[in-house]
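Every chain is numbered from 1 and lettered A, B, ... according to where its sequence line falls, protein lines coming before strand lines. What's counted below: heavy atoms across the whole structure, side chains too, no hydrogens, waters or symmetry copies.
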Protein chains: 2
Amino acid sequence: MQETLLSSSTTKTVTTRAESVFGDLRQRIVEGLVPMGSKISEPELARYYDISRSTLRDALSRLEGCGLLERKANIGYRVVTLSTEKLLEIFRVRESLEGMACHLAAQNMSSEQIAELKLLLIEHEQHEALQQGEAYFQKEGDLDFHFKIVFGSGNQLLIRLLCEELYYLVRMYRYQFGMASPRAKKAFREHHNIIQAIEDKDGELAEILMRRHISASRLNVEKRMNTL
Amino acid sequence: MQETLLSSSTTKTVTTRAESVFGDLRQRIVEGLVPMGSKISEPELARYYDISRSTLRDALSRLEGCGLLERKANIGYRVVTLSTEKLLEIFRVRESLEGMACHLAAQNMSSEQIAELKLLLIEHEQHEALQQGEAYFQKEGDLDFHFKIVFGSGNQLLIRLLCEELYYLVRMYRYQFGMASPRAKKAFREHHNIIQAIEDKDGELAEILMRRHISASRLNVEKRMNTL
DNA sequence: TATTCATATATTGTCGACAATTTATCTTGA
DNA sequence: TCAAGATAAATTGTCGACAATATATGAATA
């Protein structure tokens, strides 16, 4: 559903230069190729992409909307600086928003959508079985799961907030803070239970389970923070 | 370092033309002076404000971030079209986000902040007593109340999402859908109970009460929608 | 040496113009 | 009359240049 790295060939919705640069620069920031906290030099970046500053600034303003860049008047753009505090704030927001999304998903998801969700879970199980230690796929897979539920809510505003405005920040944290989730197995069971609640059309339970699921990740980070 | 006498009176935060136009146009859109759904003619608006298109587009991109404008590649900006469905979506998001904000506020608000909140409630009570029918002040006051709690959460991300990205949309609905809240008295009691829970540092209860408070407004809209 | 101030450099904000695309208008044919 | 296609007009996307502001450099002074 969302724009994966590979699907650019099929859905060629990219029409303008600014959009294209937006997508590319977004990826580079998420992966840390443009270091966090670094200042954006508009002339330099414009030369890099071989575009004018106007076009670049169009792209930069979009990146600001994703929370990847911060802007100060007369000073310019700067890549956001990640911190544990900000990560915990994101968890709080995700807990509330995805909890609501899950509640609505339980009410609105079609049986086809639920079937897809189950399929995804099975895929993840196999992936996990195949490569025990490798947490990368599990992490990306985890996002897929959360995405499908958010889309399942049918609430366009929720979808925009989570999938367009917060998604890339979350991915940036996963790339650069690289939390090698030791909760893989536990998270899997939690996903399973969430699906069950959705299938039962039990919105209240689905919301509680999703909130606990995300809250557990937050507590995990908080615990690690306190031990350091 | 010479601080002119004149600059001290006005908060000289407005530095750039784009920012200034952003603020003015935002207000005009919220109030409906620029009709919802209408196409933005960049050349025309640029002439109106006597600025270049580049500067205008800077302002427009910010307005897109507020959800007041929508943009399509090669077609341009258009003022968002309000609808009851979208309003209900906003209520769902506010329910979850402000619920979380209230929870955190109960944990984090200082006694001074709580005192301010109480004072605000008293002011509203007097306003309401003075002008029974006039719902305008009550409505704006309601927003003040919700704002203070969101700020009290201390969560910068929550603050940004609610106060910068959703606030103006909410105001736009109040201006143009003009819901003459018949829940004034009830809402007042609910506000009171929320403050009490915050003062008791009972985050869970505070969250539940805030969610019910917002949910009641949503149900109110849904009820009216069904009767029409 | 460290600090302050003036100067120079670089960067962002703003502008007007041209190119690419969309929308409106007009012609043509059934 | 209506539909479809070609042409004209208008709008958005993109560009390079200049002005206003911020940062870096260096001289002068205590």
(request) Let me know the distance between NZ of A/K39 and P of C/dA10, rounded to the nearest Å. (result)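 Value for this atom pair: 14 Å.
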
Side-chain donor-acceptor pairs of residues 40-48 of chain A under 3.5 Å, sequence neighbours excluded:
{"unit_1": "A/S41", "atom_1": "OG", "unit_2": "A/E44", "atom_2": "N", "d": "3.3"}
{"unit_1": "A/E42", "atom_1": "OE1", "unit_2": "A/R53", "atom_2": "NE", "d": "3.0"}
{"unit_1": "A/E42", "atom_1": "OE1", "unit_2": "A/R53", "atom_2": "NH2", "d": "3.0"}
{"unit_1": "A/E42", "atom_1": "OE1", "unit_2": "A/R57", "atom_2": "NH1", "d": "3.2"}
{"unit_1": "A/E42", "atom_1": "OE2", "unit_2": "A/R57", "atom_2": "NH1", "d": "3.1"}

(request) Check DNA chain D against residues 44-62 of chain B and give the residues with a non-hydrogen atom under 4.0 Å, in numerical order. (result)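 Listed by number, they are B/R53, B/R57.
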
(request) Give the first and the last nucleotide of DNA chain D, reading 5' to 3', that has any atom under 4.0 Å from a heavy atom of chain B. (result)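 Range of nucleotides touched by chain B: D/dT11 to D/dT14.
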
(message) Need to verify one output field. Residue with the more 5' nearest nucleotide on DNA chain D, A/A18 or A/N74?
(response)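 It is A/A18 whose nearest nucleotide is closer to the 5' end.
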
(message) Assess, by modelled atom type and distance only, whether the side chains of B/S215 and B/R218 contain a donor and an acceptor separated by less than 3.5 Å.
(response)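 The answer is yes; a qualifying pair exists.
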
(request) Fit a plane to each ring of A/H146 and A/H213, take the angle between them on a 0 to 90° scale, and name the class: parallel (under 30°), tilted (30 to 60°) or perpendicular (over 60°). (result)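 The arrangement is parallel - the two ring planes meet at less than 30°.
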
(request) Assess A/R26 against A/F22: is NZ or CZ under 6.0 Å from the centre of the six-membered ring, and within 45 degrees of the ring's axis? (result)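 Yes; both conditions hold, so A/R26 lies above the ring face of A/F22.
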
(message) I want to confirm an ordering. Mapping A/R17 and A/P43 to their closest nucleotides on DNA chain C, which one lands closer to the 5' end?
(response)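 Closer to the 5' end of DNA chain C: A/P43.
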
(message) Tell me every residue that passes side chain to side chain donor-acceptor pair (under 3.5 Å) with A/E64, counting only those two or more places apart in sequence or in another chain.
(response)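 Testing A/E64 for side chain to side chain donor-acceptor pair (under 3.5 Å), a comparison that skips the adjacent residues, returns none.
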
(request) Check B/L121, B/L143, B/I195, B/L117 against B/K148 for a side-chain contact (heavy atoms from CB on, under 4.5 Å) and give me the one that passes. (result)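 Only one of B/L121, B/L143, B/I195, B/L117 forms a side-chain contact (heavy atoms from CB on, under 4.5 Å) with B/K148, namely B/L117.
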
(request) Kindly state each residue pair satisfying salt bridge (Lys or Arg N to Asp or Glu O under 4.0 Å) with at least one member in residues 96-106 of chain B, sequence neighbours excluded. (result)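 Found B/R94-B/E98.
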
Donor-acceptor pairs under 3.5 angstrom involving side-chain atoms of residues 27-38 of chain B: please list them, not counting sequence neighbours.
{"unit_1": "B/Q27", "atom_1": "NE2", "unit_2": "B/E31", "atom_2": "OE2", "d": "2.5"}
{"unit_1": "B/R28", "atom_1": "NH1", "unit_2": "B/Y49", "atom_2": "OH", "d": "3.3"}
{"unit_1": "B/S38", "atom_1": "OG", "unit_2": "B/P35", "atom_2": "O", "d": "2.6"}

